[in-house]
Amino acid sequence: MTQETMSIGFSRDEMAQRAALDIPDGAYVNLGIGIPERVAKYVPEGREVIYHTENGLLGMGPSPEPGMGDPELINAGKRQVTMVPGAAFFHHADSFAMIRGGHLDLCVLGALQVSQGGDLANWSTGAPDAIPAVGGAMDLVSGVKTIYVITQHVTKTGEPKLVESCTYPLTGPGVVDRIYTDLAVIDVTPEGFQLAELAPVVDYEYVAERTGAPLLPKPDIGKAAS
Amino acid sequence: MTQETMSIGFSRDEMAQRAALDIPDGAYVNLGIGIPERVAKYVPEGREVIYHTENGLLGMGPSPEPGMGDPELINAGKRQVTMVPGAAFFHHADSFAMIRGGHLDLCVLGALQVSQGGDLANWSTGAPDAIPAVGGAMDLVSGVKTIYVITQHVTKTGEPKLVESCTYPLTGPGVVDRIYTDLAVIDVTPEGFQLAELAPVVDYEYVAERTGAPLLPKPDIGKAAS
Amino acid sequence: MIDKRVSDVGEAVADIFDGATVMVGGFGEAGSPIELIHALIDQGATDLTVVNNNTGSGEVGLAALIKAGRVSKMICSFPRTANSTVFPELYRSGRTALELVPQGTLAERIRAGGAGVVAFYTPTSVGTPLEEGKERRTFDGRDYVLEHGLTADFALIKCRVADHYGNLVYNKTARNFAPVMATAANTTIVQAKAVVAPGDLDPETVVTPGIFVHRVVDVPDPAHESVLVAQGISYP
Amino acid sequence: MIDKRVSDVGEAVADIFDGATVMVGGFGEAGSPIELIHALIDQGATDLTVVNNNTGSGEVGLAALIKAGRVSKMICSFPRTANSTVFPELYRSGRTALELVPQGTLAERIRAGGAGVVAFYTPTSVGTPLEEGKERRTFDGRDYVLEHGLTADFALIKCRVADHYGNLVYNKTARNFAPVMATAANTTIVQAKAVVAPGDLDPETVVTPGIFVHRVVDVPDPAHESVLVAQGISYP
């Protein structure tokens, strides 16, 4: 926690909070395991969002009060959750029919790497001794209409996670629309990474230096209008 | 009705009754529209059979008492039916998943023609002005484990309906296991049509003359044993 | 706020456009969304491709839409009806085209369309005239034909109870094609015999989750097609 | 007479043979048929191919079956668990093979196997290492890979209520893979928290129709995997 609060830029919760601002009212949303799960609690008041968990529930609610959970009411991360009024249960094939069939509006996922073309790598480092495990990530990126990624801008050793081309095995090619990092909000455009917003204190150069591919500056609205 | 009772051999109800004797206890059965529908009422007492109707019901019961029906509780022939205790409703894709997936034990269908190789033609005469209509017949014959056919032995004009090769468009190739006609019960074997049982009064020659392909006589059990 | 209710059937079908593909629920009269179909007749869209197992009955509902000349193509498994001559006449005159699909293949193509499965191999129709023009392929010694997923611009379906989110439950065999059609259309429009608040349906028993539904209109006392036909009614 | 009840879990799994493919319901602990799996451990069948989303937890249930060396191959989407080292050790030593399948593709392959759909084209895994060895094909400008239906000799699943016919309803997210696995196995074996007479379940709410179920065994008070793991229990 100390490390997190000391670091420059957005904290994990602030990243989730920033992503939550972009979730539209009425959206059907799947939140990946980890930081993306935190997005739900930051969605601005007045917006109604319905959460899907791929293990068979539409209308997922927050974690239960301690001791009030049901071990058979869990999310994709296998943590106990609740359901909201108007929820529905269904089996796994129907759940992924929703995903693959393009019925979900938005999915927020973590990442190991994102390429400037929107390729996502988030399931395997390709290390020879690793146990490969993919879960539903490939289905989500191939089916959900809009894919947001929340990730630290660089690895623990300072390597950029936003890169020209992913070196890790892909989850899906050309699937990411927007990236929320501790330093910035970045769109994936046909021209590559495009800065949309800076975290407090940091500037364009600071972010660009830590990005492994060209970063287009934020469009200058004043200039564009002139 | 007069014509039916005057004719030699089994009546329509007797054909249905004879077929019913071969329906095993515990079977999941789909009955085609027309004479096959009559089979249900002749299943011998003590056998429990569960009827499937492809429009989404397992556990179909008989017709309702007059005035007691529900226009939303119908069979594949669009006639009002009832449901038995232990029934289940499901949608059309799930219903045909049962059929295509080989989960039904037995289907009884009508026929225009059956070939000695078990080809069934029961959906179209191929007449140029006819409106083609196939319904679920092709799905049933490709998926259900055992296919029985109930049919008159010859057409109204005296043409054999059991033939060397169907002249009408096929419903499915090599799918029929057993045929119940007004004159006989005939198995489709790798060697062709094989007489299993004669209707009262008629003899082998009478049936063979009216069959459009070679008819193997009933195996002589006495001879076979000698 | 998520509330998919619209005030009447006219509003529900207002944006169906000429040339649209429209899936229509129902097997015979069971599940047929007659009020939505009649609203579509009033609305005027034409050159429609309609997906339904049948072609309607008498001169109401789907048969009336066909009779009004609005349907340029039917995709169905059984276009014959004992009591309707509407489709046969238009078909024979060449004014309405027909794509004949085995019933199970039709249901599976719709499910595939809704599930993002672009195509699949099925044993149904192998060795028959309905295989013509399709790819045949052998897997483990058995032959299959390639069939394509089917999607639509709109689906018109009927249910027993809907909630504001569009969660649906059905009545008996009126369920039939509706749940898969709901998944395969860009815009799914539902007429419900009752509309309730979220939470009033048991989440274990919802058949169509609301994500597949876009508009819900309350039609508490829908007409029975067989009654209209028996009365000799012709719509409009 | 149709009555699929058997007297105990031992009888229910007695004929599972060496080399069988066994689908095991559950996503994490939700829906895991622990008592049936433990009966299978007691029964002794080995060289099994097991289909499950995961590889179990701790040293009970599926993890215990794997630890006992009975599983020669896992077909799953996510074989890592925070609290189990059983599968990783056997996998790294080469004693248990792994077929890694994206979760949605796994569910769809099982559904296809049960539905007589031999193969289908899906966009999932295109352009990734999991596409390797699979046919890629373009439809309407988008690429898809060919995936094959998956069937099994046996399915072991858990439900909330079963009737004598094998009609089933589930509890919340414990439903997960069970309904599709029930359709894809030659013999589907169910442990139910309650068993009732036909007619006691509402036919509108049955999730798995009895046609897919072959044996039902009453396990009124099933263990919770997470509780066993927390207690440090190792089966047997």
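All chains are named by letter (A, B, ...) in the order of the sequence lines, taking the proteins before the strands, and each is independently numbered beginning at 1.
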Heavy-atom contact with chain B under 4.5 Å, split by part of C:Phe27: both
Part of B:Asp129 lying under 4.5 Å from any heavy atom of chain C: both
pair B:Val49-B:Asp25: side-chain heavy atoms closer than 4.5 Å: no
C:Asn53 side chain to C:Cys76 backbone, donor-acceptor under 3.5 Å: no
Check: B:Asp187 side chain, B:Arg178 main-chain N or O, donor-acceptor pair, under 3.5 Å: no
Check: C:Phe120 main-chain N/O paired with C:Glu147 side-chain donor or acceptor under 3.5 Å: no
Leading residue by heavy atom contact count with chain C [cutoff under 4.5 Å; candidates B:Gly135, B:Gly126, B:Ala76]: B:Gly135
Main-chain N/O of C:Ala174 paired with C:Asn171 side-chain donor or acceptor, under 3.5 Å: no
Which of B:Glu54, B:Met138, B:Glu72 touches chain C most, by non-hydrogen pairs under 4.5 Å: B:Glu72
Closest-packed option against chain C by number of heavy-atom pairs under 4.5 Å, given B:Pro71, B:Gly56, B:Pro173: B:Pro71
Test: C:Arg80 cationic atom under 6.0 Å from C:Phe78 six-membered ring centre, within 45° of axis: yes
Max heavy-atom pair count under 4.5 Å with chain B, selected residue of C:Gly127, C:Pro129, C:Gly28: C:Pro129
Donor-acceptor contact below 3.5 Å, side chain B:Thr82 vs main chain B:Ser63: no
Interface residue of largest heavy-atom contact number with chain C, from B:Leu73, B:Val81, B:Leu57, under 4.5 Å: B:Leu73
Flag, side chain of B:Thr171 to backbone of B:Ala137, donor-acceptor distance under 3.5 Å: no
Contact origin within C:Val227 toward chain B - heavy atom pairs under 4.5 Å: neither
Which of C:Gly26, C:Pro88, C:Ala30, C:Ser77 touches chain B most, by non-hydrogen pairs under 4.5 Å: C:Ser77
Residue C:Ile110 versus chain B: region with a heavy atom under 4.5 Å: neither
Best-contacting candidate, C:Asn54, C:Thr105, C:Leu130, C:Val126, against chain B by heavy atom pairs under 4.5 angstrom: C:Leu130
Portion of C:Arg160 that has a non-hydrogen atom of chain B nearer than 4.5 angstrom: neither
Option that, when pairs with chain B are counted at under 4.5 Å, heavy atom only, ranks first among C:Gly104, C:Pro123, C:Pro79, C:Gly31: C:Gly104
Non-hydrogen side-chain atoms of C:Lys193 and C:Val161 separated by less than 4.5 Å: no
Option that, when pairs with chain B are counted at under 4.5 Å, heavy atom only, ranks first among C:Ser226, C:Ala107, C:Ser32, C:Ala178: C:Ala107
Contacting region of C:Phe87 [heavy-atom separation from chain B under 4.5 Å]: side chain
Best-contacting candidate, B:Ala97, B:Pro169, B:Ala133, against chain C by heavy atom pairs under 4.5 angstrom: B:Ala133
Contact class of C:Val101 relative to chain B, heavy atoms under 4.5 angstrom: backbone
Side-chain donor or acceptor of B:His153 paired with backbone N/O of B:Asp182 under 3.5 Å: no
Contact winner vs chain B - C:Leu100, C:Leu98, C:Val180, heavy-atom pairs under 4.5 Å: C:Leu100
Interface moiety of B:Ile99 toward chain C, non-hydrogen atoms closer than 4.5 Å: neither
Residue, of B:Ala121, B:Ala130, B:Gly174, B:Pro132, that accumulates the most heavy atom pairs under 4.5 Å with chain C: B:Pro132
Any donor-acceptor pair under 3.5 Å from C:Ser125 side chain to C:Thr128 backbone: no
Over 12 foreign heavy atoms within 6.0 Å of CZ, C:Arg142: yes
Side chain proximity check, C:Val195 to C:Asp163, heavy atoms < 4.5 angstrom: no
Toward chain C, the part of B:Ser124 with a non-hydrogen atom under 4.5 Å: neither
